[in-house]
Amino acid sequence: MEVRVRYAPSPTGLQHIGGVRTALYNYFFARSQGGKFILRIEDTDRERYSDESLQDLYDTLDWLGIKWDEGPVVGGPCGPYIQSERLEIYQKYARKLVEDGKAYYCYCTPERLEKLRQEQQASKSRYQGYDRHCASLSEEERRAAEEAGIKPVIRLRVPTEGKTTFHDVLMGDITRKNSDVSPDPVLLKSDGYPTYHLANVIDDHLMGITHIMRAQEWIPSGPLHILLYEAFGWQPPVYCHLPMVCGKDGQKLSKRHGDTAVRDFRAKGYLPEAILNYVTLVGWSLDGSREFFTREELEKCFVLENIHVSSGTFDYKKLDWFNGQYIRQKSDEEIISLITPYLQSAGFVSQEPDEEEKARLALLAPLLRERMKVLSDAVPLSAFLFEDRPVTDKSVYIAKGMDEAQTRMALERGSAIIIANERAGVSFADSETEIKALAEEMGIKVNGIFQPVRVAITNSTVSLPLHDSIRLLGLEETEKRIERAKALFNN
Ligand code: GLU
Ligand code: ZN
């Protein structure tokens with residue numbers, strides 16, 4: 001049997017880490033099994049739908065290099081793959097359930113339902129939800145309601161007795177009493193739109209889905225879906241509800257923890273390889289130790305059984321580390337083309353870089369590659385070259401454990417060594433040896449010397465290696481900045 005899985009997002013917001021992980025697991029599972037990965041757009045909630053979200057979905061999958069075998073744009077034998085284009089299908093199947101006595105028309109007005117809700121709340125009744133008022137309308141009552149022009153909804157007849165069980169690959173059997181399933185949920189709304197449950201079940205069946213991999217938050221819908229499959233007389237697919245993605249505090253990952261939208265990670269300069277690799281590891285592992293996987297490798301070795309049962313922790317620091325590792329693997333040319341847009345939007349490089357700018361980028365690229373965690377780090381790390389914003393706050397120059405007088409001395413003597421050696425073309429290792437000796441003589445740490453020199457030259461405490469910064473800046477400009485810092489301390 002061919003494996004057929006789907007990613008079925010609702011375009012009601014930006015693609016976030018959790019959603020993308022669901023997409024990746026489905027995609028990798030399909031690929032590793034030689035099956036099909038289907039993209040289905042669940043856009044029946046028209047109030048929350050947005051074009052921007054749909055575009056963001058396409059952009060995100062595209063950026064990650066995830067191609068769907070069937071779905072919007074590419075089409076396929078079970079289309080259309082956008083639910084709002086399938087309304088007639090849902091209507092037909094909902095009517096079929098009514099004909100078979102598994103569902104019924106409900107003519108209750110919103111006012112009646114609201115009143116019911118308030119009464120139930122006030123009486124603190126154990127029974128909450130629809131009271132099955134229309135479950136047994138007579139033919140006359142029905143006709144009268146139709147003639148009064150009331151547009152009905154269609155509700156599923158949920159059995160009041162018994163239990164429903166479904167099996168989940170990771171969680172085992174999950175059983176609910178039918179009396180705990182929401183009483184007679186709406187399947188088709190009065191405007192002819194299906195609810196999530198109806199459309200989801202019909203589509204999974206008609207699209208031949210064999211495995212459902214989706215977020216654990218959908219587990220409560222499981223019994224209802226099983227009841228729907230039973231009502232239709234269909235075989236449910238295999239379920240595999242995915243563990244949650246949590247922040248370090250064990251709470252579901254949310255904006256409180258940091259960025260969650262993939263678009264924001266992308267904007268900051270995370271590489272798709274790093275996101276794809278790291279996100280896959282949040283809740284899955286091959287052997288518990290291997291960390292690096294390319295997309296192609298995961299397409300071969302992803303196994304369902306290795307998905308963790310407990311929730312996964314999304315560690316922003318770990319992602320930074322992965323990203324740094326992937327950045328270091330890039331060639332000079334790749335780095336140049338990756339950082340150029342960031343430097344352009346900072347106004348450091350022109351839209352059509354000239355030869356001089358290109359030469360500078362070529363010098364910068366290998367240095368930045370070793371230092372960046374994210375591509376946007378290129379901006380602060382190279383700012384000293386493109387603009388000159390001297391640090392006028394003395395405390396920034398003063399390293400831990402140092403005072404102002406010591407720092408003035410360290411700046412003066414340290415920079416004299418470095419400049420003299422740079423001018424003489426002596427290797428920077430020699431400068432470092434001399435600086436070490438000076439630090440010893442002064443009874444301070446080397447950073448007490450390097451920090452003020454670094455801030456003087458690069459206008460920042462975090463920078464490219466000092467020697468490289470001087471080389472990029474030129475000796476003349478370097479000396480000018482040193483003199484300026486010395487002046488600051490001599491005032
Ligand atoms: N449209 C649902 C969502 O946005 C799909 C849930 C499912 O995969 O069944 O998550
Ligand atoms: Zn009713």
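Atoms within each ligand, like the ligands themselves, are counted from 1 in listed order.
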task: Answer yes when D184 and R157 have at least one side-chain N-carboxylate O distance shorter than 4.0 Å, and no when they do not.
output: no
query: Got a donor-acceptor contact below 3.5 angstrom from the R4 side chain to the M207 backbone?
result: yes
field: Sub-4.0 Å heavy-atom contact, R6 with ligand 1
entry: yes
Side chain to side chain donor-acceptor pair (under 3.5 Å) between N178 and T164, worked out: CA-CA 6 Å; N178 288 337; T164 297; 2.5 Å; yes
- request: Run the salt-bridge test on R112 and D131 with the 4.0 Å N-O cut-off and return the result as yes or no.
  value: yes
query: Looking only at protein heavy atoms, which one is nearest to atom 1 (N) of ligand 1, and how far off is it?
result: E42 OE1, 2.6 Å
field: Shortest protein heavy-atom distance from atom 5 (C) of ligand 1, along with the residue and atom involved
entry: A8 O, 3.2 Å
task: Could you walk me through whether E114 and Q118 pass the side chain to side chain donor-acceptor pair (under 3.5 Å) test, one step at a time?
output: CA-CA 6 Å; E114 178 54 25; Q118 282 175 7; 3.0 Å; yes
message: Please check this pair: side chain of N459 against backbone of F384, looking for a donor-acceptor N/O pair closer than 3.5 Å.
response: no
- request: Would you mind counting protein N, O or S atoms that sit less than 2.8 Å from the Zn ion (ligand 2)?
  value: 4
Location of contacts on N200 toward ligand 1, heavy atoms closer than 4.0 Å: side chain
field: Residue pair Q55, D59: steps toward the side chain to side chain donor-acceptor pair (under 3.5 Å) verdict
entry: CA-CA 6 Å; Q55 193 54 49; D59 291 347; 3.0 Å; yes
- prompt: Between D377 and R371, is the closest basic N to carboxylate O distance under 4.0 Å?
  reply: no
4.0 Å heavy-atom contact, Y196 with ligand 1: yes
